[in-house]
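To start, the structure itself, in structure tokens.
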Amino acid sequence: MAATSLARCCSRIYYNCKCASSSQNHQTNENRNLVNKRRSSKPVRLILRNRSKKLNDPSLTRALRDFAESGLMEDALHLFDEMNKADVFVWNVMIKGFTTCGLYHEALGFYLRMVLFTGIKADSFTYPFVIKSAAGASSLLEGKTIHATVIKLGFDSDVYVSNSLISFYMKLGCEWDAEKVFDEMPERDIVSWNSMVSGFLAVGDGLRSLALFKEMIKCGFEPDRFSIMSVLGACSRVECLRVGKEIHCYAIRSGIEAGDDVMVLTSVLDMYSRFGEVSYAERVFNGMIIRNVVAWNVMVGCYARNGRVVDAFLCFQKMEKELQPDVITLINLLPACEILEGRTIHGYAARRGFLPHVVLESALIDMYGESGKVKSAKVVFDRMGEKNLVSWNSMIAAYVQNGENYSALELFRELWDKDSSLVPDSTTIASILPAYAESLSLREGRQLHGYIVKARYDVSNTIILNSLVHMYAMCGDLEDARKRFDQVVFKDVVSWNSIIMAYAVHGFGSVSVRLFSEMITSGVSPNKSTFASLLAACSISGMIDEGWQHFNSMKREYGIDPGIEHYVYMLDLIGRTGNLSSATRFIEEMPFVPTARIWGSLLKASRNHNDITVAEFAAEQVLKMEHDNTGCYVLLLNMYSEAGRWDDVNRIKLLMKSQGVSRTTNRSIVETKGRAHVFTNGDRSHVETNKIYQVLDIVLGMIEEEEEGKEEDSYVHCVSKMRPETLLKENSNSYRRHSVRLATCLGLISTETGRTVLVRNNTRICRRCHEFLEKTSKVTRREIIVGDSKIFHHFSNGCCSCGNYW
DNA sequence: TTAGGGTTAG
């Protein structure tokens, strides 16, 4: 009796503690209210009045079980207090009741009080509930302590207990511990296998989930509805539609997929939705006899995630006629929203009382971020009462997406320094790494990589490694990018896309194409981004035949419709051939309205082939869409200037002035001995200016010597063909002091002989500097890598990887 | 009379 009173007392303390700490836990609040409402119910008083005088009245136990099973834990507690002698069965009923209600701390409290104060021994029925509560409370320490007790008492051979432990470890992200439990089980049942299949999926390892499923079948286990639900998720994760369809067929043949099994059907629906198979999804949804809010949510989400905005909203309206949408409906609808619809959803959520809600608010931040409304995203972020790691990640990503790298880095540092339980995770790292890639600083990128290793992030994590591949490649270090790629154990489509793009922007298109073949051989299916990377590779490296071959295979072999981004790369490719009329026809015949990027591509081609007429036409189209496109004005200026059309030069200058457009200041950065040195054209602010200019003169002298004796100097030839006005302009020799040359010279004298010099430039390199860099690489016998605003040029022994087309 | 695995969300 004393023990039961103590338990009740402790339970109250737990309630109070929970009340104080659970303001952020909606679910727990609901349960607390449920308990409080039933504090002194009539049925309890009636049962107590009619109870027998026997010690263990079975009717009381039955009533207790009924209350617990109905979630009426306050009534259950009343009865529990009045019972003469609670045995392990009664305690288990109470622990189960708390666990089912999500009152995990109360369940753990009851267990502790039972074993510590009553002398009653927990049995094999107790532990599955207790372990589930430890998982629910996300308490790894308590769970591990319980695991130790389980081993001590010999319950680890119990299949129910072990299965609970697998789920516990998987839920807390400890897949190695779960695997150890699984491996050491003397016997396994279908639940053990299902727990592993769903567990690996929960920790994000779809490949292992799928592998376990296959192994399960090999071991002679027939998949049940739980297996099907888990493995379909794994198929989506590893992007394996073929296996997903096979499993769907199996589910139909075996009768698992029945028209009234809403959960299995929803899993199937969800799988098709994630693969973009909207018509399959519609067929499944229309065949459902029962549709609950989850099924509707998945269908709304299916339209939203697949760009069927109108259908998503129509589905939402139909849903409203049958049942009440919930907060998840809105979360699913948001990705389909442009800013106007997004704001409407935001208002709807506020009116319906769905806010504050941490997931919905984070989805709103995503929506505002993707719509380019960073300020609105920040307003939502700042007003959030509760912020979790995902909220921070969303805000950081919103900054990065909109090029506000400085703010992203600030926020990231704030999160890093924050004195809280929030620790940046792999998504944070993956979100912030592009900011480092964009900041052009290999040094800072390396520092973050150092942090990642030092802070003991899982260095085999695919998401982190993929981001590192991207960061190193974009910061100019292709070698390190490749090392990170080789480290990825489970290479997903993003891993392959990242490395294909890495080699593409560095001008090694043939390597990209080879990697694409390896990707296909490894069984990873390409997606739209893969082809964007692949076509970029063919375009940058001038691989015309391969480009066409891959472009044509997209739909035919892989069922992927080319998007506007693929047309852009193809246009670049056609542009290289110099056949501008063919390029223009390609634009006219493509199934999209041409964008500024498309016209920009034609403009670049016309510049490279000196066709001012086409250039003027293309520039006009660009400026109709983007009147402040600096690159477009500058390109025209240079073309007119080179042709000596000074009236046109002045006209463009006036136009730029009237539009408030000014030329981007040319900046080049070289990093030496842990410091970044920034140069502008003609810069004389560096402490070693004199030395830099002396080196520049020496290099120019070496180039001239190298050129002597040649029948015809290409540069002299080029100058001799210029008009007198152009020649006058060139004689000023201002290009000789362009920032990229100054940065390169500092790089040459600050790095060891034989080491590569890496320079980053914020604009396109001019022709003369390109020629200078080619020759410098020859006379100094050094590899020089220069990243401009689009690609990396690898200068070596007088040649550039771009093949003189950029 | 009590047990384990299950569908949608950033």
Side-chain angles (χ1 to χ4, degrees), chain A residues 56 58-66 68-69 87-97 99-100 123-132 135 155 158-168 170-171 188-199 201-202 224-233 256 261-271 273-274 288 291-302 304-305 325-335 354 357-367 369 380 387-395 397-398 427:
Chain A
N56 276 325
S59 68
L60 277 193
T61 308
R62 262 197 308 275
L64 180 81
R65 200 192 61 208
D66 292 344
E69 279 180 359
D87 56 11
V88 66
F89 174 79
V90 172
W91 280 89
N92 285 349
V93 169
M94 290 302 290
I95 294 168
K96 177 194 173 188
T99 308
T100 312
D123 62 12
S124 63
F125 288 86
T126 315
Y127 283 104
F129 298 129
V130 173
I131 294 164
K132 191 174 182 176
F155 288 125
D158 184 287
V159 69
Y160 283 83
V161 175
S162 293
N163 290 345
S164 309
L165 282 167
I166 292 171
S167 297
F168 163 76
M170 286 297 196
K171 185 171 185 289
R188 302 176 188 127
D189 63 9
I190 184 78
V191 181
S192 323
W193 285 96
N194 287 347
S195 305
M196 291 297 284
V197 172
S198 62
L201 181 64
D224 63 8
R225 56 192 293 276
F226 298 100
S227 327
I228 298 297
M229 284 188 268
S230 302
V231 79
L232 284 175
I256 290 172
D261 193 333
V262 67
M263 289 166 94
V264 169
L265 282 163
T266 306
S267 307
V268 176
L269 176 62
D270 184 53
M271 184 222 17
S273 157
R274 286 172 198 275
M288 289 173 86
R291 292 181 196 139
N292 60 11
V293 70
V294 181
W296 278 100
N297 284 350
V298 175
M299 199 60 226
V300 169
C302 173
R305 73 164 71 220
D326 63 11
V327 70
I328 298 178
T329 322
L330 303 189
I331 292 164
N332 280 350
L333 198 54
L334 273 172
F354 288 142
H357 184 285
V358 67
V359 179
L360 181 58
E361 285 164 314
S362 301
L364 285 167
I365 293 172
D366 286 341
M367 182 275 295
V380 175
K387 289 188 188 94
N388 62 18
L389 192 56
V390 183
S391 334
W392 283 81
N393 290 349
S394 295
M395 195 59 231
T427 309

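Atom set for the values below is all heavy atoms of this structure, side chains included, hydrogens, waters and symmetry mates excluded. Order of the sequence lines fixes the chain letters, A, B, ..., with proteins taken first and strands second; residue numbering starts at 1 for each chain. Being a predicted model, the structure only gives us computed values, none of them experimental.
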- Item | ring-ring contact (aromatic ring centres under 6.0 Å, His included) partners for A:Phe129, two or more places apart | none
- Query: Contact class for A:Phe125 (heavy atom, under 4.0 Å): base, sugar-phosphate, or nothing?
  - Reply: base
- Task: Write down the distance between CD1 (A:Ile256) and P (B:dT7), rounded to a whole number of angstrom.
- Result: 15 Å
- Query: Checking only heavy atoms, does the side chain of A:Asp189 share a donor-acceptor pair with the base of B:dG5 at less than 3.5 Å?
  - Reply: no
- Can you find a pair of side-chain heavy atoms, one from A:Val159 and one from A:Ser192, that are under 4.5 Å apart? yes
- Query: For A:Arg305 and B:dT8, what is the distance between atoms CZ and C1' respectively, to the nearest whole Å?
  - Reply: 9 Å
- With a 4.0 Å cut-off on heavy atoms, is A:Asn332 in touch with a base, just the backbone sugar-phosphate, or nothing at all? sugar-phosphate
- Query: Between A:Asn332 and A:Val300, is there a donor-acceptor pair closer than 3.5 Å when you use the side chain of the first and the backbone of the second?
  - Reply: no
- Item | Basic-acidic side-chain contact under 4.0 Å: A:Lys96, A:Glu69 | yes
- Message: From CD of A:Glu361 over to C1' of B:dA9, roughly how many Å is that when rounded to an integer?
- Response: 14 Å
- Message: Let's test your reading of the model: under 3.5 Å, does the base of B:dT7 pair with the side chain of A:Thr266 as donor and acceptor?
- Response: yes
- Query: Using a cut-off of 4.0 Å on non-hydrogen atoms, how would the nucleic acid contact of A:Val298 be classed: base, sugar-phosphate, or nothing?
  - Reply: sugar-phosphate
- Show the numbers, then the answer: is there a salt bridge (Lys or Arg N to Asp or Glu O under 4.0 Å) between A:Arg274 and A:Asp270? CA-CA 6 Å; A:Arg274 286 172 198 275; A:Asp270 184 53; 2.9 Å; yes
- Message: For a quick check of understanding: with a heavy-atom distance under 4.0 Å over all strands, which category does A:Val300 fall into, base, sugar-phosphate or nothing?
- Response: nothing
- Message: By the 4.0 Å heavy-atom rule, please label A:Arg274 as base, sugar-phosphate, or nothing.
- Response: sugar-phosphate
- Sugar-phosphate, base or nothing in reach of A:Val159, heavy atoms under 4.0 Å: base
- Message: So A:Asn393, base contact, sugar-phosphate only, or nothing? Heavy-atom distance under 4.0 Å.
- Response: nothing
- Are A:Phe226 and the base of B:dG6 stacked, counting only ring centres nearer than 5.5 Å and planes tilted under 30°? no
- Message: Once you apply a heavy-atom cut-off of 4.0 Å, does A:Ser124 come out as touching a base, just sugar-phosphate, or nothing?
- Response: base
